[in-house]
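Notes follow once the structure below has been shown.
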Amino acid sequence: MKTIFKIWIAISIVFLVLLILGLIDSYVSLKYEIEPYEMSNKVTEAIADKRHLLKNLIFILRIAAIYLVINIIVLFRWTFGKT
């Protein structure tokens with residue numbers, strides 16, 4: 001049974017790394033693709049929609065990352081805690 005937990009922890013860590021990379025990508029996109037247009041008073045509906053979508057994506061990725069961190073901690077304690 002502990003082998004399944006170890007595999008689950010490894011998969012969760014891989015997903016967490018992918019989520020962190022997605023968060024970095026979203027923050028970079030927001031900073032360098034959206035903010036320059038907001039500074040130049042050329043905010044169109046498309047820019048506003050893209051900004052809204054990126055902010056929602058960042059929120060969802062944060063929630064998923066928090067869930068995975070809690071999942072990893074709980075599984076780690078069950079697997080490597082008291083035997």
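Basis for what follows: all heavy atoms, side chains included, without hydrogens, waters or symmetry-related copies. Numbers for residues simply follow the sequence, beginning at 1. Given the structure is predicted, the values throughout are model-derived calculations rather than measurements.
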hydrophobic_cluster_shared for Phe59 and Ile20, side chain cutoff 4.5 Å: no

Among Ile9, Ile4, Thr3, side-chain contact (heavy atoms from CB on, under 4.5 Å) partner for Ile7: Thr3

Distance-minimising heavy-atom pair for Leu16 and Ala65: CD1-O, 3.8 Å

Distance-minimising heavy-atom pair for Ser26 and Leu57: OG-CD2, 3.2 Å

NE2-CD1 distance between His52 and Ile34, expressed to the nearest 0.5 angstrom: 12.5 Å

Closest approach of Asn71 to Ser12 (non-hydrogen atoms, all atoms of both residues): ND2-OG, 3.4 Å

hydrophobic_cluster_shared for Trp8 and Phe15, side chain cutoff 4.5 Å: yes

Spatial distance of atom CZ (Phe5) from atom CZ (Phe80) [nearest 0.5 Å]: 11.5 Å

Heavy-atom pair with the smallest gap, counting every atom of Leu19 and Leu61: CD2-CD2, 3.1 Å

Cluster check Leu18, Ile66: I/L/V/M/F/W/Y, side chain < 4.5 angstrom: yes

Joint cluster assignment, Phe76 & Val74, ILVMFWY side-chain distance < 4.5 Å: yes

Closest non-hydrogen atom pair between Lys6 and Thr79, with its separation: CG-CG2, 3.9 Å

Joint cluster assignment, Val14 & Ile70, ILVMFWY side-chain distance < 4.5 Å: yes

Interatomic distance, Ile11 atom CD1 to Ile72 atom CD1 [nearest 0.5 angstrom]: 11.0 Å

